[in-house]
Amino acid sequence: MTIDEYKALHAASSSKRSKYGAVKSGGYDSRKEHQRANQLKMMLRAGLISDLREQVKYVLIPTQRDSDGNLLEKECSYKADFVYRRNGQLIVEDTKGVRTPEYIIKRKLMLHVHGIRINEI
């Protein structure tokens, strides 16, 4: 194997797609998420939205411990891609390609526990 063949093989193996085919882009988990981040940043600069935050964690079910403090179950949480305010209203967004069963349950728990409906982009 030549050096060029090795480099080509290594480059092909290091650019694997995610389980659902998303390709990382600009530090984000997908091109779609990267594009949405750029749109939101432009909206923020234009004053259309405020308080833009990324990867915001919401606890859906807290950690559960027994009476001695031993861990029984870890917390269940949801991480929103983007959270911001538009006209004073809190908006929680998720850029979705595939709606997994786990995501659907977390979406329902967000509404039940926090009273927040997730906007899917």
Side-chain angles (χ1 to χ4, degrees):
M1 177 181 289
T2 67
I3 299 251
D4 292 328
E5 289 171 334
Y6 174 78
K7 287 179 182 177
L9 180 64
H10 181 68
S13 66
S14 65
S15 62
K16 287 184 180 178
R17 290 178 177 263
S18 73
K19 182 176 180 180
Y20 296 103
V23 177
K24 290 189 181 258
S25 175
Y28 293 90
D29 288 339
S30 69
R31 286 187 204 131
K32 186 176 185 178
E33 187 176 341
H34 184 203
Q35 289 171 348
R36 185 58 180 162
N38 288 338
Q39 290 172 348
L40 290 171
K41 288 173 185 175
M42 286 175 32
M43 292 168 69
L44 181 65
R45 285 192 297 271
L48 300 174
I49 64 171
S50 62
D51 303 325
L52 177 62
R53 296 177 287 149
E54 298 180 12
Q55 301 299 313
V56 178
K57 179 180 169 182
Y58 289 89
V59 175
L60 302 172
I61 303 170
T63 300
Q64 299 173 57
R65 298 182 180 277
D66 64 15
S67 58
D68 295 328
N70 299 316
L71 180 68
L72 296 175
E73 292 288 340
K74 292 181 181 179
E75 75 177 23
C76 174
S77 60
Y78 164 72
K79 199 172 277 190
D81 289 336
F82 306 104
V83 176
Y84 57 91
R85 292 197 175 274
R86 182 173 49 218
N87 300 325
Q89 181 181 4
L90 181 70
I91 307 291
V92 176
E93 268 188 15
D94 203 304
T95 52
K96 277 286 157 226
V98 176
R99 287 170 185 82
T100 63
E102 180 182 13
Y103 166 74
I104 292 169
I105 290 169
K106 288 183 177 187
R107 182 187 69 199
K108 292 175 182 184
L109 282 168
M110 277 290 286
L111 185 57
H112 181 73
V113 173
H114 295 286
I116 297 173
R117 185 153 195 114
I118 299 169
N119 287 4
E120 297 174 4
I121 303 298

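Sequential numbering from 1 along the given sequence is applied to the chain's residues. Atom set for the values below is all heavy atoms of this structure, side chains included, hydrogens, waters and symmetry mates excluded.
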Which value, rounded to the nearest 0.5 Å, describes the distance between [X] atom [atom1] and [Y] atom [atom2]?
X	Y	atom1	atom2	value
L48	M42	CG	CE	9.5 Å
N119	I91	CG	CD1	5.5 Å
Q64	K74	CD	NZ	13.5 Å
H112	I116	NE2	CD1	13.5 Å
T63	E73	OG1	CD	10.0 Å
D29	D81	CG	CG	7.5 Å

Minimum-distance pair of heavy atoms, taken over all atoms of [X] and [Y]:
X	Y	result
L109	I61	CD1-CD1, 4.4 Å
C76	K106	SG-CE, 4.1 Å
Y103	D94	CE1-OD2, 3.9 Å
E93	I118	C-CG2, 4.4 Å
L60	M110	CD2-SD, 3.7 Å
K32	K96	NZ-O, 2.7 Å

Quiz item: Does N87 reach the main-chain N or O of Q89 with its side chain, forming a donor-acceptor pair under 3.5 Å?
Solution: no
Exercise. Return yes when atom CZ of R117 has more than 12 non-hydrogen atoms of other residues, nucleotides or ligands closer than 6.0 Å, and no otherwise.
Key: no
Practice problem: Kindly indicate, with the supporting measurements, whether the criterion side chain to side chain contact (heavy atoms under 4.5 Å, CB included) is fulfilled by K41 and E54. | Solution: CA-CA 11 Å; K41 288 173 185 175; E54 298 180 12; 3.6 Å; yes
Self-check item: Polar contact flag, side-chain donor to acceptor under 3.5 angstrom, Q39-R36
Solution: yes
Exercise. Please lay out, stage by stage, how K79 and V56 fare under the test side chain to side chain contact (heavy atoms under 4.5 Å, CB included).
Key: CA-CA 5 Å; K79 199 172 277 190; V56 178; over 6 Å; no
Quick check: is [Y] connected to [X] through a chain of hydrophobic side chains (ILVMFWY, heavy atoms under 4.5 Å apart)?
X	Y	value
V98	Y28	no
V59	L72	no
L44	V83	no
I121	F82	no

Quiz item: Just wondering, do V113 and Y78 contact through their side chains at under 4.5 Å, heavy atoms?
Solution: no
